[in-house]
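Here's the structure we're looking at; comments come further down.
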Amino acid sequence: GLLKNKKNDSLVVFPIQNLDITKYVVEENSRKDSLYDLCAISQHYGSLSSGHYTAFCKNGEEWYNFDDEKVKVVPNVNQIISKGAYILIFRKKSLCQVGTQLTDI
């Protein structure tokens with residue numbers, strides 16, 4: 001096959017704040033509120049047949065690295081952009097205001 005059973009380890013650079021999807025929104029009323037902020041990343045390290053999953057999640061203004069039973073504060077937000085990024089989770093910017101917790105939504 002084309003992929004030859006090899007995992008694609010290319011670095012994909014993605015925005016942490018202000019992902020603007022305006023040009024992809026069809027409904028006119030929805031265009032005014034189409035900015036998103038990243039709030040979580042699922043990461044995979046390893047091969048197609050095995051590996052390890054970790055996650056970065058944002059709570060308030062802090063980012064955290066979840067790796068099995070270890071949870072650490074991420075000191076530099078640029079560390080969350082890596083080749084391990086597998087699934088990106090964005091939240092509408094209007095819902096990401098300081099003080100808004102996931103339980104408030």
SG on Cys39 to NZ on Lys58, rounded to 0.5 Å: 9.0 Å

Nearest atoms (heavy-atom pairs only) where Asp33 meets Lys92: OD2-CD, 3.2 Å

Distance (rounded to the nearest 0.5 Å) between Ser42 OG and Leu88 CG: 9.5 Å

Residues 64-82, side-chain donor-acceptor partners within the protein, below 3.5 Å, at least two apart:
residue: Asp67; atom: OD1; partner: His52; partner atom: NE2; Å: 2.6
residue: Asn76; atom: OD1; partner: Asn78; partner atom: N; Å: 3.0
residue: Gln79; atom: OE1; partner: Asn76; partner atom: N; Å: 3.3
residue: Ser82; atom: OG; partner: Gln43; partner atom: OE1; Å: 2.8
residue: Ser82; atom: OG; partner: Tyr45; partner atom: OH; Å: 3.3
residue: Ser82; atom: OG; partner: Gly84; partner atom: N; Å: 3.2

pair Ile41-Tyr86: side-chain heavy atoms closer than 4.5 Å: no

Single-linkage hydrophobic cluster Leu19~Phe14, side-chain heavy atoms < 4.5 angstrom: yes

Ser47 vs Lys7 side-chain heavy atoms within contact, under 4.5 Å: no

Shared hydrophobic cluster, Ile89 / Val13 (ILVMFWY, side-chain heavy atoms < 4.5 Å): no

Side chains of Ser34 and Asp20 in contact at under 4.5 Å (non-hydrogen atoms): yes

Same apolar cluster (I L V M F W Y, side chains within < 4.5 Å links), Tyr24/Val12: no

Listed partners of His44 passing ring pair (Phe, Tyr, Trp, His ring centres under 6.0 Å), at least two apart: Tyr53

Test side-chain contact (heavy atoms from CB on, under 4.5 Å) applied to Phe90 and Ile21, step by step: CA-CA 11 Å; Phe90 287 86; Ile21 64 165; over 6 Å; no

side-chain hydrogen bond (donor to acceptor under 3.5 Å, both in side chains) involving Asn18 - partner list, sequence neighbours excluded: Lys93

